Amino acid sequence: MGRTLTYWDVRGLGQPIRFLLAYLEVEYEDKRYGLAEPPHSRDEWLAVKPNLDLDFPNLPYWIDGDLKMTESRAIVRHIARVHDRTGTLLPNDPKIAYKTDMMENIVFDAMMGVAMFAYEYDPLKEDEKYKALHEKLAAISKYLGSNKWITGDVITFVDFWLYETLIWYIRFDEKFLDPYANFAEFIKRFEDLPSTKKYMNDPKYIQGPCINPLAARKI
């Protein structure tokens, strides 16, 4: 058996995994269930979901030979652990590992914040939501500071989550990140990685949408 990543035909929680696999030059099948185009039906996935021999059937799921697993953040960690020969993507040094463990949750919270804002978009609550999300972004921007990557000069698995999170914010509102110059520098740095350039020029690269197209506000 080969390697397969299966997710919806959107960027979503699968995109940090795809970027990581590109970075590590891991060959795999990028299998997608239709969702990006009408009628946005989940029937195809629901029909096979009970029969995949997954402990916790969900999307995305990752198959590597006999290994079958779900949960996006667990998949990212597993791939980094197995395929990173440098041992830096998933740090073992406690002085760095606590930072990646902490920032993984902080960044994911910011990602879910803008996603839920888009799903449940209400213009009457826009000012309140913008303020709350900017508080999250400002804290992350301050932590990033002048670092190349979220924990310093060496890229880790969290940077793949941070890049995708920032793209979601830009897709929601192209001016969302204007107050944070270091985010623009971070995005450029990530997109200048040879692996990212190569992947973004691949016909299989997903431009969007970032989340379910049925969201009240498209991103």
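If you're wondering where the values come from, they're calculated on a predicted model, not measured in any experiment.
Following chains of ILVMFWY side-chain contacts shorter than 4.5 Å, one cannot reach Met116 starting from Leu214, and the two form parts of different hydrophobic clusters. Linking Ile, Leu, Val, Met, Phe, Trp and Tyr whenever their side-chain heavy atoms come within less than 4.5 Å puts Ile167 and Leu20 in one cluster. Ile206 and Trp62 fall into different hydrophobic clusters, where Ile, Leu, Val, Met, Phe, Trp and Tyr are joined by side-chain heavy atoms under 4.5 Å apart, directly or via other members. A continuous path of hydrophobic side-chain contacts links Tyr205 to Ile17 [ILVMFWY only; heavy atoms under 4.5 Å]. In this structure, Tyr28 is not a member of the same hydrophobic cluster as Val82, with clusters built from ILVMFWY side-chain heavy atoms closer than 4.5 Å.
Considering only heavy atoms from C-beta on, Trp161 stays 4.5 Å or farther from Gln15 through its side chain. The closest side-chain heavy-atom distance from Leu67 to His78 is below 4.5 Å. Inter-residue side-chain proximity for Asn147 and Asp153 is flagged as unmet; no heavy-atom pair is nearer than 4.5 Å. The shortest distance between side-chain heavy atoms of Val158 and Ile106 does not fall below 4.5 Å. Asp93 places none of its side-chain heavy atoms less than 4.5 Å from the side chain of Lys99. Residues Phe183 and Leu137 have side chains in contact (heavy-atom distance under 4.5 Å, counting atoms from C-beta outward). Side-chain atoms of Arg171 and Arg11, non-hydrogen and from C-beta on, do get closer than 4.5 Å to each other. Residues Cys210 and Ile219 have side chains in contact (heavy-atom distance under 4.5 Å, counting atoms from C-beta outward).
Contact check on Lys131 versus Asp127 returns no salt bridge, with no Lys/Arg side-chain nitrogen under 4.0 Å from an Asp/Glu carboxylate oxygen. Of the charged side-chain nitrogens involved, none lies within less than 4.0 Å of a carboxylate oxygen, so that Glu27 and Arg3 do not count as a salt-bridged pair. Residues Arg32 and Asp30 are paired through a salt bridge, judged by an N-O separation under 4.0 Å between the basic side chain and the carboxylate. Between Glu104 and Arg77, at least one side-chain nitrogen of the basic residue sits less than 4.0 Å from a carboxylate oxygen of the acidic one, meeting the salt-bridge criterion.
The number of heavy atoms from other shown groups lying within 6.0 Å of NZ (Lys218) is above 12. No more than 12 heavy-atom neighbours from other residues, nucleotides or ligands sit within 6.0 angstrom of CG on Asn92.
For the atom pair CG (Asp122) and NZ (Lys129), the distance works out to 9.5 Å, reported to the nearest 0.5 Å. Within the model, atoms CZ of Arg189 and CG of Asp159 stand 9.5 Å from one another, a figure rounded to the nearest 0.5 Å.
In plain terms, the two heavy atoms of Pro60 and Ile75 that are nearest each other are O-CD1, 3.7 Å. Here the closest non-hydrogen pair linking Leu89 and Ala80 is CB-CB, 4.0 Å. Thr156 and Pro91 get closest at one heavy-atom pair: CG2-CG, 4.1 Å. The two residues Thr165 and Met111 come nearest to each other via the heavy atoms OG1-CB, 3.3 Å.
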**OP:** Starting from the C-alpha separation in whole Å, work towards a yes-or-no answer on side-chain contact (heavy atoms from CB on, under 4.5 Å) for Lys197 and Asp192.
**Re:** CA-CA 6 Å; Lys197 286 184 177 181; Asp192 281 344; 3.7 Å; yes
**OP:** Please report the C-alpha distance between Tyr33 and Lys49 in whole Å, then the side-chain angles of each, then the deciding distance to 0.1 Å, and finally whether the side-chain contact (heavy atoms from CB on, under 4.5 Å) criterion is met.
**Re:** CA-CA 11 Å; Tyr33 285 104; Lys49 181 179 179 180; over 6 Å; no
Subject >> Full working for side-chain contact (heavy atoms from CB on, under 4.5 Å) between Met112 and Trp168 >> reply: CA-CA 10 Å; Met112 292 300 99; Trp168 290 19; 4.2 Å; yes
**OP:** Tell me, with the steps shown, if Ile79 and Asp64 meet side-chain contact (heavy atoms from CB on, under 4.5 Å).
**Re:** CA-CA 10 Å; Ile79 290 171; Asp64 185 353; over 6 Å; no
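Aromatic ring orientation, Phe190 versus Phe186: parallel (interplanar angle below 30°, classes split at 30° and 60°). Aromatic ring orientation, His134 versus Phe176: tilted (interplanar angle from 30° to 60°).
Formation of a donor-acceptor pair under 3.5 Å by the Asn182 side chain with backbone atoms of Ser146 is not found in this model. Looking at Asp202, its side chain never comes within 3.5 Å of a backbone N or O of Lys198 through a donor-acceptor pair. Put simply, the side chain of Asp109 never gets that close to the backbone of Asn105: no donor and acceptor are under 3.5 Å apart. One N or O on the side chain of Thr70 and one on the backbone of Phe56 form a donor-acceptor pair closer than 3.5 Å. The backbone N or O of Ala215 sits nowhere less than 3.5 Å from a side-chain atom of Asn212 that would complete a donor-acceptor pair. Tyr121 places no side-chain N or O within 3.5 Å of a backbone atom of Glu126 that could act as its donor or acceptor partner. A donor-acceptor distance shorter than 3.5 angstrom exists from the side chain of His40 to the backbone of Leu35, with no hydrogens or angles considered. Not one N or O on the side chain of Arg81 forms a donor-acceptor pair closer than 3.5 Å with the backbone of Leu90.
Proximity of the aromatic rings of Tyr23 and Phe19 is defined here by a centroid distance below 6.0 angstrom, and this criterion is not met. Annotation: Tyr61 is not in aromatic contact with Tyr7 [ring centroid separation under 6.0 Å not met].
Because its NZ or CZ atom is not both nearer than 6.0 Å to the ring centre of Tyr199 and within 45° of the ring axis, Arg18 does not count as a cation-pi partner of that residue.
In summary, the side chains of Thr4 and Thr6 do not present any donor paired with an acceptor at a separation below 3.5 Å, with no hydrogens or angles considered. Residues Glu191 and Tyr163 bring a donor and an acceptor atom of their side chains to less than 3.5 Å of each other.
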